[in-house]
Amino acid sequence: MKLAIVIPDGAADEPQAQLDGKTPLQAARKPCMNRLAREGKVGRANHVPLSQTPASDVATLSLFGYDPLQYYTGRAPLEAAAQGIELTPDDWAIRCNLVTIENGRMADFTAGHISSEEGQQLIACLQQELGSAQWQFHAGVSYRNLLIYRGQKGAVAPFSRSTRTQPPHDIPDQPIAGYLPEGPGAELLRHLMERSRQILAAHPVNEARRRAGKKPATQIWLWGLGQAAVLPSFEQVYGRRGAIISAVDLVRGVGALLGWHRIDVPGATGYLDTNYANKGSYACQALADFDMVCVHVEAPDEASHEGNLQAKIQAIEAIDEMIVGPLLDALQRFPSWRILVSPDHRTPLRTRAHAHGPVPFVLAGAHVQASHSAGYDETVAAQSALVFDPGWHLMRYFLRQD
């Protein structure tokens, strides 16, 4: 059986006054997803336990069929896996955003969606000024970077599971004073953040951005720290060989830890301007070589973080037309197939931040009895009796052999 998963990251939302009470999913033109709803089943799944922060790291593990309460160790270790950075049991990985802080507020958690090339120059400067054998800065994609703390074997690390940090994308336009790191090792993290502000202030990259009317990367924001994650492979647990398509290191990292093949797509940016058509085309081609292909699209989540309603609707429509539609056509060339479309978590436009709560999913294909649902959206899912809480059980249901 051939299997496909499409993740419109953060697509689940709330009713919008501008849409006469409809959600973006309801308002978007998405004939392919709605067809799946008629021919398959719509339900809802809760991928983020209340005890954990609502974010793609926890939610992606759950969506892929792994209990986050058992396997989650932090966001940054998953991204380290995507970059091929090996962590020993004594090491800690820390997410290192380039951000724009203005008047003590989180003005932009992406530093104006700084380019990867600019980000690499800034991270290289920080490595030169602050790096050492113990502290290692690694450039990633755009504003998303990593800081690795290399611990000494047998030595007590400065951090622990009680070290608390805040995702910067969850505090848009808010004062940062109440969201700085706390707990074991917090002073170290705060010191590095403050030193980065001093180092980056007059960096040529930032001076050029200011002259061009762009937001500068005023400092780093450290968060999402954790130790190496160890996951049994997807093939070992579920008996399927997989491939992952994503422009986001977090999702790539989870895929790498699961033993999935990584497919890099030209034009995939992890933003609203991503190349949807290329993602759909590469996914269709991958079906010939793998049991399961997963396509992750960050754009709806980015639109919510920006509070951009129309961009969110456009992203959902592009996913439907250029990814779900082509995959559905390609799957039907095989004797047996199944497809699942589901966000990982909710990202309401109202708050511009991730949120707890169930997300709607739709699945269709072999051995899935048609429910003839009116469409695929939050309202239809709320009326469904098909519920997975905890959400990590959804994967086994999706893969079931009837």
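Neither side chain, Asn46 nor Arg44, offers a donor N or O lying under 3.5 Å from an acceptor on the other. A donor-acceptor contact under 3.5 angstrom links the side chains of Asp344 and Ser56, judged on distance only. Inspection of the Thr379 and Gln26 side chains reveals an N or O donor paired with an N or O acceptor under 3.5 Å. Side-chain contact annotation: Asp9 with His296, donor-acceptor N/O pair under 3.5 Å present. Side-chain contact check for Lys312 and Ser304: at least one donor-acceptor pair (N or O, by modelled atom type) lies under 3.5 Å. For the residue pair Tyr179/Gln174, the side-chain donor-acceptor check at 3.5 Å is satisfied.
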Evaluate the criterion side-chain contact (heavy atoms from CB on, under 4.5 Å) for residue pair Leu147 and Leu222; output intermediate values, then yes/no.
CA-CA 8 Å; Leu147 174 61; Leu222 301 176; 4.1 Å; yes

Apply the test ring-ring contact (aromatic ring centres under 6.0 Å, His included) to residues Phe64 and Phe234: give CA-CA distance (whole Å), side-chain angles for both, the deciding distance (0.1 Å), then the verdict.
CA-CA 9 Å; Phe64 290 167; Phe234 195 85; 7.5 Å; no

Do Asp108 and Lys215 pass the salt bridge (Lys or Arg N to Asp or Glu O under 4.0 Å) test, and can you show the C-alpha distance, the side-chain angles, and the key distance before you say yes or no?
CA-CA 8 Å; Asp108 194 328; Lys215 292 178 179 178; 3.5 Å; yes

Worked verdict on Tyr282 versus Val293 for side-chain contact (heavy atoms from CB on, under 4.5 Å)
CA-CA 10 Å; Tyr282 274 66; Val293 176; over 6 Å; no

Show your working on side-chain contact (heavy atoms from CB on, under 4.5 Å) between Leu328 and Trp337 and close with a plain yes or no.
CA-CA 9 Å; Leu328 185 54; Trp337 58 271; 3.6 Å; yes

Could you please spell out the steps behind the side-chain contact (heavy atoms from CB on, under 4.5 Å) verdict for Leu25 and Tyr376?
CA-CA 8 Å; Leu25 265 179; Tyr376 168 59; 4.1 Å; yes

Evaluation steps, salt bridge (Lys or Arg N to Asp or Glu O under 4.0 Å), between Glu118 and Arg209
CA-CA 10 Å; Glu118 292 171 311; Arg209 288 183 65 82; 2.8 Å; yes

Show your working on salt bridge (Lys or Arg N to Asp or Glu O under 4.0 Å) between Glu194 and Arg197 and close with a plain yes or no.
CA-CA 5 Å; Glu194 177 60 24; Arg197 186 178 66 82; 2.4 Å; yes

Glu79/Arg95 under salt bridge (Lys or Arg N to Asp or Glu O under 4.0 Å): CA gap, chis, key distance, verdict:
CA-CA 8 Å; Glu79 300 191 10; Arg95 176 68 180 267; 2.7 Å; yes

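Interatomic distance, CD1 of Ile220 versus CG of Leu98, reported as 8.0 Å (0.5 Å rounding). With rounding to the nearest 0.5 Å, the separation of CZ in Phe361 from CG in Leu340 is 7.5 Å. Distance NZ/Lys2 to CG/Leu331: 9.5 Å, rounded to 0.5 Å. For the atom pair CG of Leu258 and CD of Gln236, the computed distance is 11.0 Å after rounding to the nearest 0.5 Å. For the atom pair CD of Gln310 and CG of Leu349, the computed distance is 10.0 Å after rounding to the nearest 0.5 Å. Note that the CG atom of Leu192 and the CG atom of Leu130 stand 6.0 Å from one another [nearest 0.5 Å].
Ring-plane geometry between Tyr66 and Tyr238 is classed as perpendicular, the angle between the planes exceeding 60 degrees on a 0 to 90 degree scale with a lower cut at 30.
Two rings, from His356 and His345, have their centers 6.0 Å or more apart. A centroid separation of less than 6.0 Å is found between the aromatic rings of Tyr149 and Trp135. When ring centroids are compared, Trp223 and His169 come within the 6.0 Å threshold.
Every residue meeting the side-chain contact (heavy atoms from CB on, under 4.5 Å) condition with Gln18, not counting sequence neighbours, appears here in chain and number order: Gln16, Leu309. Judged as a side chain to side chain donor-acceptor pair (under 3.5 Å), and not counting sequence neighbours, the contacts of Asp273 are Thr269.
Within a 6.0 Å sphere centred on CG of Asp20, heavy atoms belonging to other residues, nucleotides or ligands number 12 at most. At most 12 non-hydrogen atoms from other residues, nucleotides or ligands lie less than 6.0 angstrom from CD of Glu86. Under a cut-off of 6.0 angstrom, the local environment of CZ in Arg29 is sparse, with at most 12 non-hydrogen atoms contributed by other residues, nucleotides or ligands. More than 12 heavy-atom neighbours from other residues, nucleotides or ligands sit within 6.0 angstrom of CD on Gln285.
Side-chain atoms of Asp249 do not come within 3.5 Å of backbone N or O of Ala82 as any donor-acceptor pair. A distance-only check finds no donor-acceptor pair linking the side chain of Arg241 to the backbone of Glu235 [under 3.5 Å]. Of the possible polar contacts, one joining the Asn278 side chain to the Pro266 backbone as a donor-acceptor pair under 3.5 Å is found. Using modelled atom types, no side-chain atom of Asp57 and backbone atom of Gly74 make a donor-acceptor pair closer than 3.5 Å. With hydrogens and angles ignored, the 3.5 Å screen pairs no side-chain donor or acceptor of Gln120 with any backbone N or O of Ala139. Formation of a donor-acceptor pair under 3.5 Å by the Arg150 side chain with backbone atoms of Gln134 is not found in this model. Remark: side-chain polar atoms of Thr163 are not paired, donor with acceptor, to backbone N or O of Gly185 under 3.5 angstrom. Judged by distance alone, with hydrogens and angles left aside, the side-chain atoms of Ser62 form no donor-acceptor pair with the main-chain N or O of Ala59 at under 3.5 Å. For the pair Ser142 (side chain) and Ser115 (backbone), a donor-acceptor distance under 3.5 Å is absent. Judged purely by atom type and a 3.5 angstrom limit, Thr100 uses its side chain to pair as donor or acceptor with the backbone of Pro216.
The side-chain heavy atoms of Ile244 and His261, taken from C-beta on, include no pair separated by under 4.5 Å.
Sorted by first and then second residue, the side-chain hydrogen bond (donor to acceptor under 3.5 Å, both in side chains) pairs involving residues 199-208 (not counting sequence neighbours) form an empty list.
Of the residues listed (Glu378, Glu14, His354), the one engaging Arg346 in a side-chain contact (heavy atoms from CB on, under 4.5 Å) is Glu14, and it is the only one.
A cation-pi arrangement is present between Arg400 and Tyr397 under the rule of less than 6.0 angstrom and at most 45 degrees off the ring axis.
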